[in-house]
Amino acid sequence: MYGLWKPRVLGAWKVPASGPVIFAVNHSHNIDGPMVMGVAPRPTHFLIKKEAFVGPLDPFLTGIGQLKVDRETTDRTAITRALDVLSAGGVLGIFPEGTRGEGDFASLRAGLAYFAVRSGAPIVPVAVLGSSEKRGRLMKGLPPLRSRVDVVFGDPFEAGDGSGRRTRKALDEATERIQKQLAAHLENARRLTGRRATLD
């Protein structure tokens, strides 16, 4: 990542140095996940759609500890592996919007709340800004080489209400709390960096 672009990392000191953590990352470009993996202060295991595990990428992604998930169904294997990462005190990376979009955390899926409430792990919001502002001349699908991409880590927060409840109502309330925190972090990250998240 540092060889191809110029990442500027802000707030990495906010990431807890040990214990389970969930990175909630906005997703507006394909390089967002690899960028966070490359600059995060701790090794990160992302839940990645199974369609990305093709050809030589399959053994590579598996070898660096990334988790394959089938988004069309309740993938119990992926859920178990993700919870195992957290129970071992590792860092789980999630794109809570479920798929690449505006990258504004507007539509969250319930998966993030489930992992946070079930594991008790704090969530660290992560905003990746600049990855989709311009397209490169050499490779249209990537930001221009040597362009600056900002990665802003936010303050860790608890998603649950402290009761440990995992009912549908508790998860809905947690999702609402998470959405407010992530939206506030994104707004703050834009202000800090002077950036918008996506192309107009």
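Remember, it's a predicted structure, so these values are computed and weren't measured experimentally.
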Exercise for the section: State whether the side chain of N26 and the backbone N or O of V128 hold a donor-acceptor pair below 3.5 Å, judged by distance alone. Expected result: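 The answer is yes, because a donor-acceptor pair under 3.5 Å joins these two groups.
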
Practice task
Output yes when a side-chain donor or acceptor of D70 lies under 3.5 Å from a complementary backbone atom of D75, and no otherwise.
Solution key: no

Problem - Residue list, side chain to side chain donor-acceptor pair (under 3.5 Å) with D155, at least two apart or on another chain - result: none

Practice task
Mind checking side chain to side chain donor-acceptor pair (under 3.5 Å) for R76 and listing every partner two or more places apart, or none if nothing turns up?
Solution key: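 Per chain and number, R76 pairs via side chain to side chain donor-acceptor pair (under 3.5 Å) with no residue.
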
Please give me the minimum heavy-atom distance between [X] and [Y], naming the atom from each residue.
X    : Y    : result
A52  : L61  : O-CD1, 3.9 Å
P125 : F157 : CD-CE2, 4.0 Å
V15  : F153 : CG2-CD2, 3.7 Å
I123 : A159 : CD1-CB, 3.8 Å
P7   : M35  : CG-SD, 3.7 Å

Please round to the nearest 0.5 Å and tell me the distance separating atom [atom1] of [X] and atom [atom2] of [Y].
X    : Y    : atom1 : atom2 : value
M37  : Q66  : CE    : CD    : 4.0 Å
E173 : I178 : CD    : CD1   : 12.0 Å
E176 : Q181 : CD    : CD    : 12.5 Å

Exercise for the section: Assess whether atom NZ of K180 is packed by more than 12 heavy atoms of other residues, nucleotides or ligands within 6.0 Å. Expected result: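 No.
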
Exercise for the section: Step through the shown structure and confirm whether more than 12 heavy atoms of other residues, nucleotides or ligands are within 6.0 Å of CZ on R81. Expected result: no

Practice task
Please list all pairs passing the salt bridge (Lys or Arg N to Asp or Glu O under 4.0 Å) test where one or both residues lie in residues 115-126, with sequence neighbours left out.
Solution key: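 Passing the test, one end in residues 115-126: no pairs.
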
Handout entry: Check against side chain to side chain contact (heavy atoms under 4.5 Å, CB included), L10 and D150
Key = CA-CA 8 Å; L10 303 172; D150 292 321; 5.5 Å; no

List, one per line, each side-chain donor-acceptor pair under 3.5 Å for residues 40-48, sequence neighbours excluded.
{"from": "R42", "atom 1": "NH1", "to": "P16", "atom 2": "O", "distance (Å)": "2.9"}
{"from": "R42", "atom 1": "NH1", "to": "G19", "atom 2": "O", "distance (Å)": "3.0"}
{"from": "R42", "atom 1": "NH2", "to": "G19", "atom 2": "O", "distance (Å)": "2.9"}
{"from": "R42", "atom 1": "NH2", "to": "G89", "atom 2": "O", "distance (Å)": "2.8"}
{"from": "T44", "atom 1": "OG1", "to": "R42", "atom 2": "O", "distance (Å)": "3.1"}
{"from": "H45", "atom 1": "ND1", "to": "G65", "atom 2": "O", "distance (Å)": "2.8"}

Handout entry: F53 six-ring centre to K68 NZ/CZ under 6.0 Å and within 45° of normal
Key = yes

Exercise for the section: Would you check, one step at a time, whether the test side chain to side chain contact (heavy atoms under 4.5 Å, CB included) holds for R8 with V151? Expected result: CA-CA 6 Å; R8 180 171 64 165; V151 182; over 6 Å; no

Below 4.5 Å, heavy atoms only, C-beta onward: do [X] and [Y] meet side chain to side chain?
X    : Y    : value
K169 : D172 : no
P156 : V21  : no
Y114 : L83  : yes

Fill in the blank from the handout: Tested for side-chain contact (heavy atoms from CB on, under 4.5 Å) against V25, the lone hit among I94, V124, V126 is V126

Handout entry: Pairing residues for D84 by the salt bridge (Lys or Arg N to Asp or Glu O under 4.0 Å) criterion, not counting sequence neighbours
Key =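 D84 satisfies salt bridge (Lys or Arg N to Asp or Glu O under 4.0 Å) with no residue once adjacent residues are dropped.
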
Shared hydrophobic cluster, [X] / [Y] (ILVMFWY, side-chain heavy atoms < 4.5 Å):
X    : Y    : result
V152 : L186 : no
V149 : L192 : no
L57  : F95  : yes

Problem - Working for side chain to side chain contact (heavy atoms under 4.5 Å, CB included), residues L92 and F23 - result: CA-CA 6 Å; L92 178 67; F23 286 162; over 6 Å; no

Handout entry: CA sep, side-chain torsions, deciding dist, call: I79, V69, side chain to side chain contact (heavy atoms under 4.5 Å, CB included)
Key = CA-CA 8 Å; I79 291 169; V69 63; over 6 Å; no

Exercise for the section: Using the test side-chain contact (heavy atoms from CB on, under 4.5 Å), find all partners of A121 that sit at least two apart in sequence or belong to another chain. Expected result: P20, I22, L86, S119

